[in-house]
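Read the structure below first, then the notes.
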Protein chains: 2
Amino acid sequence: MDKYSDNLDQLFGALSDSTRRDILTRLCQGPASVSELKEPHAMALPNLLKHIHVLESSGLIETQKQGRTRVCVLRPDALSATEAWLQEQRQLLHARFDRLEDYIETLKAQSNKEKDDDSAA
Amino acid sequence: MDKYSDNLDQLFGALSDSTRRDILTRLCQGPASVSELKEPHAMALPNLLKHIHVLESSGLIETQKQGRTRVCVLRPDALSATEAWLQEQRQLLHARFDRLEDYIETLKAQSNKEKDDDSAA
DNA sequence: TGAATACTTATCCATTTGGGTAACTATAGG
DNA sequence: CCTATAGTTACCCAAATGGATAAGTATTCA
């Protein structure tokens, strides 16, 4: 269907939950362990871990085990695919409005031509 | 949680399905009826209608009944909330890197100062 | 009026999602 | 070695999601 459809489902799906968006926002300030990420959230750790897995398998974050703690990091190019898609939509819209403007110009030109024809007659 | 959390769930959720993204892409080229939107998709009409409802209740599109056909239109400001969120994340990242740069500068300055102290001693 | 068109509603179903608890493993510290 | 800590795994559950079909309504057209 579209160029990125292989992982845009996962990407937008990962972003569709406020807990996960919170985690991403937190990670913008630097790496954090699972419990650090859990701290502001009421939910139990296993559930938060699930969110982390979703984020990781969508490619938005990377994690690594260090001793008994797991450190989570935002992937630098994390949001670029979603931004690219949005950008593409914006361009399609622009293209359409450009065509509409051309069409309106055509109508104007025709209208003028008809006036000329009238005065010529 | 975050400024837009009331409808970002719905917005990103709506974008997390390729059928719905296809519909949006199609609507970038102008209004379309339900059957026109269905045409490229194998699925049955009632299912496609569900997708249209999801898009409508997320605020991404508007629809209107004209006779027996329903016309769907992209809302002009459709993607702005999602773009705003992405923009915000990008700024947070930038802010962080700026702080990192400041920190590195501080380290450099300290290092130079220590050298000065050494040569002074 | 009668038939075709364009949705619309109502159900059904398997799978996924997002929450929960209980029990387990692996590491760090005393 | 023993215990607390930090994750992890294994389940359970209700609700949501994305597909299906069957039957209904409202317009349009001949």
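Please read all numbers here as calculations on a predicted model, not as lab measurements.
As rounded to whole Å, 13 Å separates atom P of C:dT16 from atom NZ of A:K50. For the pair A:M43 CE and C:dG20 C1', the interatomic distance rounds to 11 Å; values are reported in whole Å. Put simply, CG on B:D22 is 14 Å from P on D:dG18, counting in whole angstrom units. Protein atom CG of A:L45 is 15 Å distant from nucleotide atom C1' of C:dG18, rounded to whole Å. For the pair A:I52 CD1 and D:dA6 P, the interatomic distance rounds to 14 Å; values are reported in whole Å. Rounded to whole angstrom, the span from the NZ atom of B:K38 across to the P atom of D:dG18 amounts to 17 Å. Distance, B:H53 NE2 to D:dG19 P: 15 Å, rounded to whole Å. With rounding to whole Å, B:L48 atom CG is found 15 Å from C:dT9 atom P.
Under the 3.5 Å distance criterion, the side-chain polar atoms of A:R21 are matched with a main-chain donor or acceptor of A:L15. Checking side-chain atoms of A:Q91 against main-chain N and O of A:E88 turns up no donor-acceptor pair under 3.5 Å. Side-chain atoms of A:R20 come within 3.5 Å of backbone N or O of A:G13 as a donor-acceptor pair.
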Discussion item. Determine whether A:I61 and A:L24 satisfy the following criterion, side-chain contact (heavy atoms from CB on, under 4.5 Å), listing intermediate values before the conclusion.
Written reply: CA-CA 8 Å; A:I61 69 170; A:L24 291 176; 3.7 Å; yes

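Separation of atoms OG1 (B:T82) and CG (B:N7) is listed at 10.0 Å; rounding is to 0.5 Å.
Contact annotation: A:H51 side-chain N/O to C:dG19 OP1/OP2 distance is under 4.0 Å. Under 4.0 angstrom from either OP1 or OP2 of D:dG18 there lies no side-chain N or O belonging to B:N47.
Side-chain atoms of A:D17 lie closest to C:dG19 of the nucleotides D:dG19, C:dG19, C:dA6. Taking every side-chain heavy atom of B:R70 into account, C:dT8 is the closest of C:dG18, C:dT8, D:dG19.
In this structure, B:D77 pairs ionically with B:R75, as a charged nitrogen and a carboxylate oxygen lie closer than 4.0 Å.
If you chain together hydrophobic residues whose side chains sit under 4.5 Å apart, B:F12 and A:V54 never meet in one group.
Nearest-nucleotide mapping onto DNA chain C: of A:S16 and B:E36, the residue sitting toward the 5' end is B:E36. Each of B:G13 and A:S33 was assigned the nucleotide of DNA chain D with the nearest heavy atom; the assignment lying further toward the 5' end belongs to A:S33.
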Contact list (N/O, under 3.5 angstrom) for nucleotides 23-30 of chain D vs protein:
| unit_1 | atom_1 | unit_2 | atom_2 | d |
| --- | --- | --- | --- | --- |
| D:dT27 | O2 | B:R68 | NH1 | 3.2 |

